[in-house]
Amino acid sequence: QVQLVQSGAEVKKPGASVQVSCKASGYTFSSHNIHWVRQAPGQGLEWLGWINIGNANTKYSLKFQGRLTITRDTSANTAYMDLSSLRSEDTAIYYCARFHGLYGMDRWGQGTPATVSS
Amino acid sequence: QSVLTQPPSASGTPGQRVTISCSGSSSNIGSHNVYWYQQLPGTAPKLLIYRNDQRPSGVPDRFSGGKSGTSASLAISGLQSEDEADYYCAPWDDTLGGPLFGGGTKLTGL
């Protein structure tokens with residue numbers, strides 16, 4: 001079955017960077033884009049960006065331009081989200097989601113909590 | 001910057017019907033399909049409705065979606081206790097260049 005399994009919780013200091021991985025299984029990895037979404041404590045969902053797994057093209061929300069990098073390793077069926085220059089407002093649960101052309105974000109990872117604190 | 005407006009909360013009792021609205025603009029709902037996601041407490045979001053009014057397999061027919069112009073809606077009939085969750089609309093947005101999430105509606109009272 002289709003699964004997205006994310007890396008574990010992170011604790012970072014302000015100014016540092018965090019990387020979250022998202023390993024896909026159960027489908028052809030290159031057939032669907034991966035999106036990244038985050039949710040701050042008690043808040044709603046916020047879209048960060050996406051990557052075309054086939055050609056590695058990316059699109060980022062303007063809010064995160066310059067701080068966000070999304071990559072993929074097709075040999076490992078894994079996508080990565082790197083967020084730099086962390087501040088306390090980046091404390092959130094980070095989700096990856098598979099984007100199906102028909103169904104939208106139809107499969108989600110379990111989420112990775114990232115805490116930014118001095 | 002585009003905004004999608006959802007009521008922050010909705011309530012109902014078991015067996016009732018509730019409707020959640022999602023108001024957008026021409027750059028999102030007006031020109032793209034709407035998706036709805038259900039997020040149960042402490043879990044990842046789950047796809048509930050795709051392409052405005054389609055249900056993925058496994059989603060009960062108590063859930064239905066609609067769209068008209070720059071607004072969309074999610075209706076839940078025959079409310080059950082397990083429907084207590086947060087609900088998000090999320091059409092593609094041309095300004096954002098990706099999916100734009102509404103603020104979410106928390107369904108309570110069940």
Side-chain angles (χ1 to χ4, degrees), chain A residues 1-7 9 20 22-24 27 32-52 57-65 68 70 79 81 92-114, chain B residues 1-9 20 22 24 27-29 32-59 65 67 72 74 85-107:
Chain A
Q1 73 281 24
V2 174
Q3 269 195 308
L4 298 176
V5 178
Q6 299 182 219
S7 48
V20 179
C22 171
K23 183 171 177 59
Y27 72 98
H32 302 284
N33 301 334
I34 293 289
H35 288 241
W36 289 89
V37 175
R38 77 178 186 180
Q39 185 170 37
Q43 302 300 307
L45 301 172
E46 180 177 30
W47 178 77
L48 303 180
W50 63 275
I51 184 166
N52 180 314
N57 285 348
T58 55
K59 173 69 176 179
Y60 304 137
S61 168
L62 278 179
K63 178 177 177 179
F64 301 100
Q65 286 276 5
L68 177 65
I70 300 175
M81 187 281 302
I93 299 175
Y94 289 78
Y95 295 100
C96 63
R98 182 182 83 160
F99 192 94
H100 191 291
L102 176 63
Y103 303 113
M105 287 177 281
D106 68 335
R107 292 289 191 274
W108 294 65
Q110 82 276 19
T112 297
Chain B
Q1 183 177 340
S2 302
V3 174
L4 286 179
T5 302
Q6 294 182 236
S9 64
I20 297 170
C22 176
S27 67
N28 42 69
I29 295 177
H32 296 283
N33 290 315
V34 179
Y35 302 80
W36 289 89
Y37 299 90
Q38 177 193 58
Q39 187 177 32
L40 297 170
T43 70
K46 168 194 165 187
L47 177 66
L48 194 65
I49 296 288
Y50 67 97
R51 294 204 166 193
N52 307 317
D53 57 8
Q54 302 299 302
R55 283 185 309 276
S57 62
V59 173
K67 172 183 149 176
L74 173 71
D86 294 321
Y87 295 87
Y88 296 89
C89 59
W92 195 269
D93 182 83
D94 293 329
T95 304
L96 183 61
L100 176 66
F101 288 95
T105 299
K106 179 178 289 292
L107 179 59

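Just so it is clear: chains get the letters A, B, ... in the order the sequence lines come, proteins before strands, and each one is counted from 1. It should be emphasised that the depicted structure is a prediction, and the values quoted were computed from it without experimental measurement.
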*asked:* I need the minimum non-hydrogen distance between A/Trp108 and A/Ala97, along with the two atoms involved.
replied: CD2-CB, 3.8 Å
*Taking every heavy-atom pair that is under 4.5 Å apart, which of B/Arg51, B/Gln1, B/Lys46 has the most such pairs with chain A?*
B/Arg51
*Which region of B/Gln39, side chain (C-beta onward) or backbone (N, CA, C, O), has a non-hydrogen atom less than 4.5 Å from a non-hydrogen atom of chain A, or is it both or neither?*
side chain
_Please classify the contact of B/Pro99 with chain A as side chain, backbone, both or neither, using a heavy-atom distance under 4.5 Å._
both
*Counting only heavy atoms closer than 4.5 Å, note whether A/Leu62 contacts chain B via side chain, backbone, both or neither.*
neither
*Of the backbone (N, CA, C, O) and the side chain (C-beta and beyond), which part of A/His100 lies under 4.5 Å from a heavy atom of chain B, both, or neither?*
neither
*For chain A, find which of B/Ala90, B/Pro56, B/Gly98 contributes the most heavy-atom pairs closer than 4.5 angstrom.*
B/Gly98
*Output field: ring centroids A/Tyr103/B/Tyr50 closer than 6.0 Å*: yes
_Nearest non-hydrogen partners of B/Leu4 and B/Pro91, listed with the distance_ = CD1-CD, 3.1 Å
_B/Lys67 versus B/Asn52, closest heavy-atom pair with distance_ = CD-OD1, 3.3 Å
*asked:* Please classify the contact between A/Leu48 and chain B as side chain, backbone, both or neither, with a heavy-atom cut-off of under 4.5 Å.
replied: neither
*Engaged part of A/Gln39 at the chain B interface, taking heavy atoms whose separation is under 4.5 Å*: side chain
*asked:* Taking side chain as everything from C-beta outward and backbone as N, CA, C, O, which of these in A/Trp47 sits under 4.5 Å from a heavy atom of chain B? Side chain, backbone, both or neither.
replied: both
*Answer yes or no: is there a donor N or O on one side and an acceptor on the other, between the side chain of A/Gln110 and the main chain of A/Gln6, under 3.5 Å?*
yes
_Donor-acceptor contact present, side-chain A/Tyr95 to main-chain A/His35, <3.5 Å_ = no
*Indicate whether the side chain of A/Asn57 and that of A/Asn52 have a donor and an acceptor atom separated by less than 3.5 Å.*
no
